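Notes for the one structure printed next.
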2 protein chains.
Amino acid sequence: MEYMNTASTSAPPSPVSASAEEPRWLTDDEQRVWRAYIDASTLLEDHLDRQLQRDAGMPHVYYGLLVKLAESPRRRLRMTELAMYAKITRSRLSHAIARLEKNGWVRREDCPDDKRGQFAVLTDAGMEVLRETAPGHVAAVRQAMFDRLTTEQQKALGEIMRIVAEGLQPSEAGADLPWLR
Amino acid sequence: MEYMNTASTSAPPSPVSASAEEPRWLTDDEQRVWRAYIDASTLLEDHLDRQLQRDAGMPHVYYGLLVKLAESPRRRLRMTELAMYAKITRSRLSHAIARLEKNGWVRREDCPDDKRGQFAVLTDAGMEVLRETAPGHVAAVRQAMFDRLTTEQQKALGEIMRIVAEGLQPSEAGADLPWLR
DNA sequence: CCGCGGTAGTTAAAATTTCAAGGAGAGCTC
DNA sequence: GAGCTCTCCTTGAAATTTTAACTACCGCGG
């Protein structure tokens, strides 16, 4: 039995609507690509989670949040903005920041302009954790991915992932300008 | 500030041990590739989780477990074996199977040869869920990935992900033959 | 047969994520 | 300026995952 192809029924009634027809199953080649992708991404995320949990005391996503803050002007970002950059829900971010706050790596600050708003601010302690753990993390990423790929492969991967990400972007740049789409 | 590059200190003391030196930070190009990868994989996993949660009542990993069982002889697999194929821990699998068992999609069976062993067996109901939801899932995967990539890109992606997965494989084939490595 | 180290799988508890609601303020309209 | 809608963010509870034991059993060497 093939991946995701669990039906081996005969020809569909008639090609009218697109949803009720015999679906276009993945070809063998496509299946292999898909499985390779799923396997690699699962293993990689797991690997980085363990590496960072061990060396930095936090999962990969949380580390990514600190990095984004570190890159931002005044080391701060509005919650919603940070959530968008990190591609996670605001709810998830709320919980995550609460945890990072307990660690003393992030601090919340009220937004003066909008009383609903909150800034997440990277503290000096948070900065310090990054400084200490960044080298190990880069090494892990290199070892797991970049050291194993040719320059061409790296380039291709970048292009491919950009395309995929674009297609899944909740609505891309101009999310606040829905009338333009 | 660059991704993962939080230290802008000057030259390191002296290149002696490999761990204490100035780390090889990611180049700008590498950073872009890495971010694209993280963004895309995050968005994609999230997308598929939601699609399957909505249409099949389970997260993507669980769906993958049912698929692996469906592909296996007699629709069954030893717990440890299933965990390896799915790239998850045995603990996680235990919980997952418990949940799928409650849904009636999987059943546990004792292994006759090894009294410690358990088989996870796909039930008819589980088979039926797959049959009903596979088309929608394939469509989602196509729309998110394959429909957007050229044949060359698909091929490249497969090769790249195979390489990455191989490098992270706990110990690859022959894991039970450590003296061969 | 006994003891011992290793394997298969489970489980409780803690951490994280998801899901569904909700509180509070912004911004617009009449 | 009251009402309405939408946005920002949080929260509690449920679901899932992680972590660290823990039980039962296999297999080997004595």
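In the text below, chain A, chain B and the rest are named by the order of the sequence lines, each starting its count at 1. Remember, it's a predicted structure, so these values are computed and weren't measured experimentally.
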**Q.** Nearest-nucleotide 5' precedence on DNA chain C, A:Arg116 against B:Asp46
**A.** B:Asp46

Q. Would one find a side-chain N or O of A:Arg99 under 4.0 angstrom from OP1 or OP2 of C:dT17?
A. no

Q.
Looking at every non-hydrogen atom in both residues, tell me the closest pair between B:Ile163 and A:Gln153 and how far apart they are.
A. CD1-NE2, 3.7 Å

**Q.** Whole angstrom value for the distance that separates P of C:dT16 from NZ of A:Lys102
**A.** 9 Å

Q. With sugar-phosphate meaning primed atoms plus P, OP1 and OP2, does B:Thr89 contact a base, only sugar-phosphate, or nothing at under 4.0 Å between heavy atoms?
A. nothing

Q: Kindly say whether B:Leu122 contributes a backbone atom to a donor-acceptor pair with the side chain of B:Arg107 at under 3.5 angstrom?
A: no

Q: Please answer whether the main-chain N or O of B:Gly104 pairs with a side-chain N or O of B:Thr123 as donor and acceptor at a distance below 3.5 Å.
A: yes

Q. For B:Arg108 and A:Asp114, take the nucleotide of DNA chain C holding the closest heavy atom to each; which residue's nucleotide lies nearer the 5' end?
A. B:Arg108

Q) Over how many whole Å does the gap from A:Gln53 atom CD to C:dT16 atom P extend? A) 7 Å

(Q) Any N or O donor-acceptor pair under 3.5 Å from the base of D:dT7 to the side chain of A:Thr80? (A) no

Q) Does a side-chain heavy-atom distance below 4.5 Å link A:Arg108 with A:Phe119? A) no

Q: Whole angstrom is fine here: how far is it from CG in B:Leu82 over to C1' in C:dG9?
A: 13 Å

Q) Has B:Arg92 got a side-chain N or O lying under 4.0 Å from the OP1 or OP2 atom of D:dT18? A) yes

Q: Using a 4.0 Å heavy-atom cut-off across all strands, classify B:Phe119 as base, sugar-phosphate, or nothing.
A: nothing

Q. So, does the side chain of A:His95 form a donor-acceptor pair with the base of D:dG12 at under 3.5 Å?
A. yes

Q. Which is true for A:Arg54 with a 4.0 Å heavy-atom rule: it touches a base, it touches only sugar-phosphate, or it touches nothing?
A. nothing

Q) When you check the phosphate oxygens OP1 and OP2 of D:dT10, does a side-chain N or O of A:Arg90 lie under 4.0 Å from one of them? A) no

